[in-house]
Amino acid sequence: MTAFTVTLVLVVAAAGLLRWRRPAWYWVTFGVTLASLRVLVRYASVMDACGLTVPPPRWRLALARATNRPVPDSRPPRILRFRPTRTGLVLRLGLRPGQDAFDVAAASDRLRHSFSMYGVTSREVRSGVVEVRMTGYDVLKRVQMPAKVDTRPMRVPVALREDGSVHYRDYRAVPHALTLGATESGKSVYQRNLVAGLAPMHVALVGIDCKQGVELFPLARRFSALADNPDTAADLLDALVSRMEGVYQLIRAEQRITSAVPDAEIAADIWDLPDDIRPVPVVVLVDEVAELALFASKEEEKRRDRIITALVRLAQLGRAAGIYLEICGQRFGSELGKGITMLRAQLTGRTAHRVNDETSANMAFGDISPDAVLAAIQIPAETRGLAIAGDSTGGWHRIRAPHTSLRQAVNTCNRHADLTPALPELAPFRPELVSSSEAPVPLSKTAPVTA
């Protein structure tokens with residue numbers, strides 16, 4: 001009996017220590033079993049207490065009266081699937097007649113308390129079927145991306161969601177995106193994860209970094225073109241517009257719309273073209289968009305209008321030509337001048353890190369979801385990297401990117417430098433790689449990058 005007591009005490013102590021210091025390990029070793037039993041045992045009573053049950057059908061009531069049996073209990077949603085995961089539990093529920101997916105979403109907080117889980121979210125899979133994801137611990141406190149992720153062309157895993165699933169940046173589904181965040185909010189780390197995820201892919205990276213290149217130029221070995229000032233950025237954007245027009249001419253030439261050509265082979269964008277002639281897709285990263293929109297003289301105003309016009313054209317027409325925009329900034333609103341609102345309307349993906357005021361959150365989500373605005377202004381200053389991600393459908397999630405140092409991003413870009421495509425239209429803007437001793441102090445049109 002003494003040995004059993006000592007063993008039990010050691011197991012309880014180990015579980016408590018793991019839960020305090022390594023919640024992910026605790027969940028895998030002890031938490032998933034305890035939580036599964038708790039959910040399955042309490043399921044019917046919790047659903048009844050949360051108002052997620054429906055009365056029995058009339059035929060069952062009539063049968064009970066006819067046979068003098070007790071009245072049947074109310075029925076909770078059916079459990080169609082029960083699956084433990086590395087971060088929590090996933091339940092797929094079949095709703096009863098009269099129930100709605102909104103009922104489950106409205107009861108999420110009560111389910112979280114009743115099942116003693118850290119978080120509960122729900123989504124409608126199809127009519128009558130709802131997926132409930134429960135997390136056993138704060139997965140965003142210490143982000144650990146899963147070892148295996150669903151990688152596809154132009155689809156990058158960049159962060160972890162609060163429900164434990166991976167947040168992807170899918171350029172073919174959401175071509176253009178806006179990322180906002182105050183200083184020291186984690187915006188640069190998010191951008192590094194994006195570049196590091198794109199580096200192994202067959203894609204051309206184009207950067208505009210008007211902070212004299214301090215953010216993007218260390219990653220220059222993987223970039224096909226870089227600009228470090230507004231003047232160069234204007235020329236670079238004009239070159240991208242010219243490339244877009246050339247790609248459309250190629251698509252027109254390869255459409256071959258005749259009665260003998262199957263519908264599936266008619267080309268409407270670069271992804272419908274054969275692999276041997278398909279142009280390489282281009283991702284344009286703008287580090288601080290406000291620097292492109294500010295002006296202090298008539299000449300700078302003309303340059304500013306030229307830049308914004310090019311960005312709007314790329315946002316409106318670039319998707320089919322394989323040109324995708326990633327616009328980053330601390331603020332993004334009508335105070336930046338004409339054309340900004342038109343540009344923002346084309347940026348389907350929205351990501352907001354910690355912001356300094358509610359107006360900044362409204363810039364990202366005011367036209368999408370009021371709940372996302374409220375969530376964005378509640379991000380605490382000490383949780384760098386935490387962000388709200390949404391799109392034009394109104395859905396949003398809390399996400400956090402794993403910390404990636406500048407050295408790690410540089411090493412990834414250098415390792416895949418051989419994949420950097422040379423685009424003829426962007427050749428004048430290809431960064432020049434020189435040694436530190438040869439690098440001049442002023443940055444030129446194509447700024448040298450130290451090896």
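The shortest side-chain heavy-atom distance between Leu91 and Val39 falls under the 4.5 Å cut-off. Arg81 has its side chain out of reach of Val90: every pair of non-hydrogen atoms, C-beta onward, lies at least 4.5 Å apart. Between Lys338 and Ile308 there is no side-chain heavy-atom pair separated by less than 4.5 Å. Considering only heavy atoms from C-beta on, Val206 comes within 4.5 Å of Leu236 through its side chain. Val203 places a side-chain heavy atom less than 4.5 Å from the side chain of Arg222. Contact of the Leu52 side chain with the Leu93 side chain is not registered, since no non-hydrogen atoms from C-beta on lie closer than 4.5 Å. No side-chain heavy atom of Val46 sits less than 4.5 Å from a side-chain heavy atom of Arg110. Annotation: side chain of Cys413 is in contact with side chain of Val195 (closest heavy-atom distance under 4.5 Å).
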For Arg133 and Glu131, what are the C-alpha separation, side-chain angles and deciding distance, and is it a salt bridge (Lys or Arg N to Asp or Glu O under 4.0 Å)?
CA-CA 6 Å; Arg133 300 185 70 96; Glu131 185 177 84; 3.7 Å; yes
Let me see the working for Asp100 and Leu95 under side chain to side chain contact (heavy atoms under 4.5 Å, CB included), right down to the final yes or no.
CA-CA 7 Å; Asp100 186 76; Leu95 301 181; 5.6 Å; no
Dump the intermediate steps for side-chain hydrogen bond (donor to acceptor under 3.5 Å, both in side chains) on Ser360 and Arg331, then the final yes or no.
CA-CA 6 Å; Ser360 299; Arg331 289 183 62 85; 2.9 Å; yes
Report the C-alpha distance between Glu245 and Arg313 in whole Å, list the side-chain angles of each, state the deciding distance to 0.1 Å, and finish with yes or no for salt bridge (Lys or Arg N to Asp or Glu O under 4.0 Å).
CA-CA 11 Å; Glu245 294 171 349; Arg313 293 189 65 189; 3.2 Å; yes
Side chain to side chain contact (heavy atoms under 4.5 Å, CB included) between Arg112 and Met134, intermediate numbers included:
CA-CA 8 Å; Arg112 177 173 66 89; Met134 305 180 182; over 6 Å; no
Show your reasoning for whether side chain to side chain contact (heavy atoms under 4.5 Å, CB included) applies to Tyr168 and Val158.
CA-CA 6 Å; Tyr168 293 91; Val158 291; over 6 Å; no
Step by step, would you call Ser45 with Asp48 a side-chain hydrogen bond (donor to acceptor under 3.5 Å, both in side chains)?
CA-CA 5 Å; Ser45 60; Asp48 187 31; over 6 Å; no
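The number of heavy-atom neighbours closer than 6.0 Å to CZ of Arg142, taken from other residues, nucleotides and ligands shown, is 12 or below. In Tyr118, the OH atom is not crowded: 12 or fewer heavy atoms of neighbouring residues, nucleotides or ligands sit closer than 6.0 Å. Under a cut-off of 6.0 angstrom, the local environment of CZ in Phe82 is crowded, with over 12 non-hydrogen atoms contributed by other residues, nucleotides or ligands. For Met145, the CE atom is densely surrounded, since the number of other residues' heavy atoms within 6.0 Å is greater than 12.
Listed for the Ser224 side chain is a donor-acceptor partner under 3.5 Å among the backbone atoms of Pro421. Side-chain N or O atoms of Asn229 include none that pairs as donor or acceptor with a backbone N or O of Cys210 at under 3.5 Å. Side chain of Gln408 to backbone of Ser405: a donor-acceptor contact under 3.5 angstrom is found. A donor-acceptor contact shorter than 3.5 Å links the side chain of Arg350 to the backbone of Ala364. Between the side chain of Ser185 and the backbone N or O of Ala182, at least one donor-acceptor pair lies under 3.5 Å. Judged purely by atom type and a 3.5 angstrom limit, Arg123 has no side-chain atom pairing as donor or acceptor with the backbone of Val132. Remark: the backbone N or O of Leu325 is paired with a side-chain donor or acceptor of His176 at under 3.5 angstrom. Side chain of Asp269 to backbone of Ala321: no donor-acceptor contact under 3.5 angstrom is found. A donor-acceptor pair is defined here as one N or O able to donate and one able to accept, closer than 3.5 Å; no such pair exists between the side chain of Thr309 and the backbone of Arg306. Using modelled atom types, no side-chain atom of Ser165 and backbone atom of Arg161 make a donor-acceptor pair closer than 3.5 Å.
Here the closest non-hydrogen pair linking Ala376 and Ala361 is CB-CB, 4.0 Å. When all heavy atoms are compared, the tightest approach of Glu358 to Ile377 is CA-CG2, 3.8 Å. The two residues Ile251 and Ala320 come nearest to each other via the heavy atoms CD1-O, 3.8 Å. In terms of heavy atoms, Ala234 sits closest to Arg303 at CB-CG, 4.2 Å. The two atoms that bring Pro279 and Leu273 nearest to each other are CD-CD1, 3.8 Å, heavy atoms only. Closest of all the heavy-atom pairs between Gly318 and Tyr248 is N-OH, 4.4 Å.
Classification of Glu382 and Arg384 as a salt-bridged pair fails, no side-chain N sitting under 4.0 Å from a carboxylate O. Using a 4.0 Å cut-off between charged nitrogen and carboxylate oxygen, Lys211 and Glu288 do not count as a salt-bridge pair. Ion pair Glu162/Arg400 not flagged as a salt bridge, since none of the NZ, NE, NH1 or NH2 atoms sits closer than 4.0 Å to an Asp/Glu carboxylate oxygen. Comment: Asp150 engages Arg155 in a salt bridge, judged by a side-chain N to carboxylate O separation of less than 4.0 angstrom. Between Asp275 and Arg278 a salt bridge is recorded (basic side-chain N to carboxylate O distance below 4.0 Å).
Rounding to the nearest 0.5 Å places CZ of Arg96 at 11.5 Å from CE of Met47. The distance from atom CG of Leu216 to atom CZ of Arg192, rounded to the nearest 0.5 Å, is 10.5 Å. Here the CG-CG distance, from Leu140 to Leu160, works out to 6.0 Å after rounding to the nearest 0.5 Å. One finds the CG atom of Leu240 at 11.5 Å from the CG atom of Asp235 (value rounded to the nearest 0.5 Å). For the atom pair NZ of Lys187 and OG1 of Thr179, the computed distance is 9.0 Å after rounding to the nearest 0.5 Å. From Ile327, atom CD1 reaches atom CG of Leu178 across 7.5 Å, with rounding to the nearest 0.5 Å.
Ring centers of Tyr171 and Tyr324: under 6.0 Å apart, within the cut-off.
A cation-pi contact, defined as under 6.0 Å to the ring centre and within 45° of the axis, is absent between Arg304 and Phe295. For Arg172 and Trp271, the positive end sits near the middle of the six-membered ring, less than 6.0 Å away and at most 45° from its axis. With Phe223 as the aromatic partner, Arg221 does not meet the cation-pi criteria of under 6.0 angstrom to the ring centre and within 45 degrees of the ring axis.
With hydrogens and angles left out, the side-chain atoms of Asn411 and Arg415 include no donor and acceptor closer than 3.5 Å. Under the 3.5 Å distance criterion, with hydrogens and angles disregarded, no donor-acceptor pair is assigned to the side chains of Thr359 and Asn362.
A parallel orientation is assigned to the rings of Tyr43 and Phe115, their planes being inclined by less than 30° (bins at 30° and 60°).
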